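Only a predicted model underlies this, so the values are computations on that prediction, with no experimental measurement involved.
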Protein chains: 2
Amino acid sequence: MAAGGVKVRHFILGLLNEQSMSGYDIKRFLESLSWLIGSPSYGSIYPTLKSLLEDERVSVEIESHPDRPPRKTYSLTEKGRQELDQWIHEPAVSSPSLKAFVMRLILADNMPRDNLVAQLQGRRDMVAEQNATLLETAHTLRQEPNPERRLALDYGMAIAAAELDWLDSVLNGFSLPSSGDAADE
Amino acid sequence: MAAGGVKVRHFILGLLNEQSMSGYDIKRFLESLSWLIGSPSYGSIYPTLKSLLEDERVSVEIESHPDRPPRKTYSLTEKGRQELDQWIHEPAVSSPSLKAFVMRLILADNMPRDNLVAQLQGRRDMVAEQNATLLETAHTLRQEPNPERRLALDYGMAIAAAELDWLDSVLNGFSLPSSGDAADE
DNA sequence: TCACTCATGTAATTGGTTACATGATTAG
DNA sequence: CTAATCATGTAACCAATTACATGAGTGA
């Protein structure tokens with residue numbers, strides 16, 4: 001975690017804004033995305049929740065069971081919403097990694113539309129540029145008889161192409177329907 | 001960095017095995033991949049190089065220029081090659097993130113072929129599984145009128161699909177030419 | 001009986017970032 | 001004349017990992 005300025009604290013804040021959950025729930029959700037962005041350990045989730053509670057960014061509802069760990073469901077408080085909001089409005093890193101980008105995408109609910117579009121656009125430009133570099137490098141490498149070195153390159157190009165396609169179609173969807181403004185559906 | 005057990009130290013070792021370079025060169029190379037896996041700061045590269053030198057994992061050739069920082073070109077030593085080798089043979093984390101996977105892919109040169117194929121296969125299985133989950137979730141979400149939440153999901157599916165395609169074609173390329181090992185599919 | 005899921009947490013360590021310091025050379 | 005690139009490095013800080021500790025319930 002902590003990719004491109006997105007740290008567990010803010011990520012958790014963003015998840016709790018969507019729905020109240022326990023530390024265990026958070027871990028499970030993140031685990032399902034670990035193939036893409038990895039998953040933080042309990043050792044960072046629980047202490048973060050604790051500090052969030054101390055700072056009154058979250059409130060907790062405890063469901064006690066005799067003789068076993070109580071289930072604690074955390075909810076975002078007004079203060080928590082404020083911190084999240086503040087964080088969202090501070091400028092994102094200029095060239096986010098795929099991971100940082102995905103994390104922000106997950107928190108997109110909390111972002112004003114124009115902020116979101118700006119980030120998508122920024123990402124598109126960067127990926128397009130890097131993809132061009134990748135193509136060049138691939139061309140140069142084609143001469144050399146070094147098949148393994150090409151693996152990562154190939155992979156990068158495949159991902160870049162897919163990402164570009166996706167970004168273009170999403171950006172298209174954002175710019176076309178809003179011919180004026182309106183349309184919040 | 002430090003995704004899924006791949007830390008700068010080993011990454012640098014792997015890069016130096018391909019060719020001798022300076023700290024600055026390393027940074028530049030990594031910078032070109034930052035859209036995919038991010039890039040470590042100088043604050044981690046230079047100290048790592050220093051410790052690598054102290055441990056005699058690398059040797060250095062200094063090109064002095066009066067009145068400006070000398071250009072230091074690092075090369076892997078035999079000890080360095082050993083450490084890299086040792087690291088490569090220790091078991092990789094079972095479910096690597098995309099980042100960890102790419103990092104290992106970049107170091108694929110140093111990997112025995114069967115190790116590499118195993119990792120590709122493992123990755124394929126995991127991505128396939130997660131992709132299935134993603135599809136389910138997407139289906140469930142389709143009911144809800146919450147378009148933003150779907151963004152990350154959509155993105156994930158697009159990337160997963162591209163990755164699966166790529167992995168399948170690569171694995172195919174590895175199993176066909178060596179028509180001695182049967183493919184189980 | 002064994003392994004896995006549920007469910008919480010803490011302490012020690014470490015890996016990496018941020019911010020600083022320095023300064024020549026080249027391109028616009 | 002300014003901005004970027006080249007090129008190295010250190011010190012303070014902090015976020016996150018690893019390893020540990022606990023224990024009931026469920027399914028094979």
Side-chain angles (χ1 to χ4, degrees), chain A residues 1-13 21-32 34 37-54 58 60-74 87 90 93-97 99-100 103, chain B residues 1-13 21-32 34 37-54 58 60-74 87 90 93-97 99-100 103:
Chain A
M1 283 281 146
V6 192
K7 40 198 78 157
V8 259
R9 182 177 178 102
H10 301 115
F11 204 63
I12 288 182
L13 244 23
M21 22 182 9
S22 67
Y24 190 80
D25 291 337
I26 291 170
K27 175 68 174 165
R28 265 206 349 227
F29 174 72
L30 263 4
E31 204 64 42
S32 79
S34 71
I37 58 171
S39 175
S41 63
Y42 284 119
S44 92
I45 293 174
Y46 286 121
T48 299
L49 246 13
K50 193 189 173 190
S51 110
L52 246 19
L53 191 63
E54 276 161 12
V58 298
V60 71
E61 205 183 328
I62 301 170
E63 208 183 305
S64 298
H65 306 270
D67 282 332
R68 64 162 144 148
R71 195 190 151 79
K72 300 185 172 180
T73 305
Y74 293 90
W87 173 77
E90 72 190 34
V93 290
S94 50
S95 316
S97 63
K99 178 175 169 178
M103 288 174 88
Chain B
M1 282 283 143
V6 190
K7 40 196 80 155
V8 258
R9 183 177 177 103
H10 300 115
F11 204 64
I12 289 181
L13 244 21
M21 24 183 8
S22 66
Y24 190 78
D25 292 337
I26 290 170
K27 175 67 175 166
R28 265 204 352 226
F29 174 73
L30 263 4
E31 204 63 40
S32 78
S34 71
I37 57 171
S39 174
S41 64
Y42 284 120
S44 90
I45 293 175
Y46 285 122
T48 299
L49 245 12
K50 194 188 172 190
S51 110
L52 246 18
L53 191 62
E54 276 161 11
V58 299
V60 71
E61 203 183 327
I62 301 171
E63 205 183 307
S64 298
H65 306 271
D67 282 330
R68 64 162 145 149
R71 196 191 150 79
K72 300 184 171 180
T73 305
Y74 294 89
W87 173 76
E90 72 191 33
V93 289
S94 50
S95 314
S97 63
K99 178 174 169 179
M103 287 174 88

State which of D/dC6, C/dC6, D/dT17 makes the closest approach to the side chain of B/Arg28. D/dC6

Rounded off to whole Å, could you give me the CD1-to-P distance for the B/Ile62 and D/dT8 pair? 10 Å

Distance test, side-chain N/O of B/Ser44 to OP1/OP2 of C/dT17, below 4.0 Å: yes

In whole angstroms, how far is the P atom of D/dA15 from the CH2 atom of A/Trp87? 14 Å

Counting side-chain heavy atoms from CB outward, which of D/dT18, C/dG16, C/dA7 is closest to B/Lys7? C/dG16

4.5 Å side-chain heavy-atom contact, A/Lys27 and A/Leu30: no

Length of the line joining A/Asp25:CG and C/dT5:C1', which is rounded to integer Å: 13 Å

Check the pair A/Tyr74 / A/Ile26 against side chain to side chain contact (heavy atoms under 4.5 Å, CB included), numbers first and verdict last. CA-CA 10 Å; A/Tyr74 293 90; A/Ile26 291 170; 6.0 Å; no

Quick one: B/Ile45 CD1 to D/dC6 C1', roughly how many Å, whole number? 14 Å

Take the protein atom NE2 of A/His65 and the nucleotide atom P of D/dT22, then report the distance between them rounded to whole Å. 21 Å

Rounded distance in Å - NE2 (B/His10) to P (C/dG16): 10 Å

Tell me which nucleotide among C/dT8, C/dT17, D/dT17 gets nearest to the side chain of A/Tyr46. C/dT8

In this structure, OG of A/Ser22 is separated from NZ of A/Lys72 (nearest 0.5 Å) by 11.0 Å

Given atom CZ of A/Phe11 and atom P of D/dA16, what is their separation to the nearest angstrom? 12 Å

Of the nucleotides C/dG16, C/dT10, D/dT8, which one has an atom closest to the side chain of B/Arg71? D/dT8

Taking only the side-chain nitrogens and oxygens of A/Lys27, find out if one of them lies under 4.0 Å from OP1 or OP2 of C/dC6. no

Considering only heavy atoms from C-beta outward, does the side chain of A/Pro96 approach that of A/Met103 to under 4.5 Å? no

What integer distance in Å separates B/Tyr24:OH from C/dA24:P? 17 Å

Sugar-phosphate, base or nothing in reach of B/Ser22, heavy atoms under 4.0 Å: sugar-phosphate

A/Trp87 versus A/Val6: any side-chain heavy-atom pair under 4.5 Å? yes

Counting heavy atoms from C-beta on, name the nucleotide in D/dG9, D/dT10, D/dT8 closest to the side chain of B/Lys72. D/dG9

First of B/Pro47 and A/Tyr42 reached from the 5' end of DNA chain D, by closest nucleotide: B/Pro47

